Amino acid sequence: MWGQAEVTKFAEKHRLGEGARADLKKMFDSFVTKSRRRVTVRVPATTANMGPGFDCAGMALDVWNELTVERASSFSMEIEGEGAQKLPRDKSNLVVKGVEAAYKYIEQEVPTLRYYTLNRIPFAKGMGSSSAAIVSGILAGLALAGFNLQVKNEEELLQIATNLEGHPDNVAPCIYGGFQLGIHNGSRWWTDRVTMPHGLMCVVFCPDHATETSEARLLLKEQIAMQDAIFNCGRVAVLVAAFATGNMEWLRHGTEDALHQEQRAPIHPHLKPLIRAALDAGAHGACLSGAGPAVIAFTSGRCGDVTAQKASEREEFNVAEALIAAADEIGCPGHVLITKPVEHGGYIVSETKVLDPENRRSRIHYVQD
Ligand SMILES: Nc1ncnc2c1ncn2[C@@H]1O[C@H](COP(=O)(O)OP(=O)(O)O)[C@@H](O)[C@H]1O
Ligand SMILES: N[C@@H](CCOP(=O)(O)O)C(=O)O
């Protein structure tokens, strides 16, 4: 680790003049104050489309992946949790691609890094694991370089991440949290938040099998009928209105879709029976989560900690049981995650500066939870 002593030694060895010495010291000080040695970030799962909001509506869920990157002498990648058996441990990993995109944006060389990821977001199930990987990498890369971004108006992070991932419906809620609507306005990605009602719960059936979004997109039609476009315009308006007003009973129609669910049904034969089961058990609405195979149902009534609340008041449990029963009946093994939306998106949990150990500031750490 370089400290002030090394800077002085370097200046003496290379017989730098006063001006060059001052410039070197300034450069070193700026690197030391801005750059980080180690950064940990956390990013949420997301449920995209929410039925009719194909490629434009998505919501952050309270399920988090954690990524730590640290400057090191050689590249390494450790992966624990979801997808650990399948994910590449080389530079083709999307987390690395995210870090590279961040450094490209700030026009700096990517340092040699050690990666450690703890994945809790179900892998390739339709809960935004790919955008979580990209966003975590970008956030970690920017924090490591000590680079701050404009988040209002230009929304630089959204531009970098969506250009890499392709769709704002996962990326926007992963960055900003909450229920987000995203579009491309012809020159840049744009997103904004829709209010979320209090007490909303999400019951997600995760089949044991996975499907890649790229595979599920191949099933979509190039052309759509006018009546399907009209159907979805109305449904997505009702979806947004249901959230904004808190009239959750509107979600029954607000989660209906004609643009992608029917087309994807051949690879998701469990979809229709599970939607039916969730609605019959009292869910306000249900749909495919992202490109699937997970199916998400919306319920309400959460009040404080769910484990302390009376079972008869907890609609989500009945819906979860109905989903499992319906899935068992059609031979689609899986499990249910009961979770809730989160208002905040990805964030930096902790960071350590590039300071020599004698520097008092090396003992100051930002910690967030
Ligand atoms: N935690 C992760 N770290 C790195 N890459 C990931 C991670 N999770 C997913 N990916 C990448 O994203 C792909 C899955 O993306 P996708 O099919 O869109 O699933 P999801 O619906 O979960 O986003 C994987 O094949 C892998 O390349
Ligand atoms: N709008 C996309 C959303 C993909 O979400 P994912 O969580 O399955 O990656 C699509 O429907 O293809």
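All heavy atoms count here, side chains included; hydrogens, waters and symmetry mates do not. Whatever order the structure lists them in is the order used to number ligands and atoms, beginning at 1. Note that the structure is a prediction, hence the values are computed from the model and not measured.
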Is ligand 2 less than 4.0 angstrom away from at least one heavy atom of M127?
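Yes, M127 has heavy atoms under 4.0 Å from ligand 2.
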Are the charged groups of [X] and [Y] less than 4.0 angstrom apart, N to O?
{"X": "E82", "Y": "K125", "value": "no"}
{"X": "R114", "Y": "E78", "value": "yes"}
{"X": "R217", "Y": "D55", "value": "yes"}
{"X": "K272", "Y": "E262", "value": "yes"}

Would you call [X] a ligand 1 contact, heavy-atom distance under 4.0 Å?
{"X": "A291", "value": "no"}
{"X": "G128", "value": "yes"}
{"X": "N119", "value": "yes"}

Heavy atoms only: which of P293, G128, G292 lies closest to atom 7 (O) of ligand 2?
G128
Who's closest to atom 9 (O) of ligand 2 heavy-atom-wise, of T213, T211, D169, V171?
T213
Based purely on interatomic distance, does [X] place a nitrogen or oxygen under 3.5 Å from a nitrogen or oxygen of ligand 2?
{"X": "R264", "result": "yes"}
{"X": "N49", "result": "yes"}
{"X": "N170", "result": "yes"}
{"X": "D55", "result": "yes"}

Return a yes/no value for G126: is any of its N or O atoms, backbone included, closer than 3.5 angstrom to an N or O of ligand 1?
yes
Worked check of salt bridge (Lys or Arg N to Asp or Glu O under 4.0 Å) between E70 and R37
CA-CA 6 Å; E70 184 169 24; R37 182 165 55 78; 3.7 Å; yes
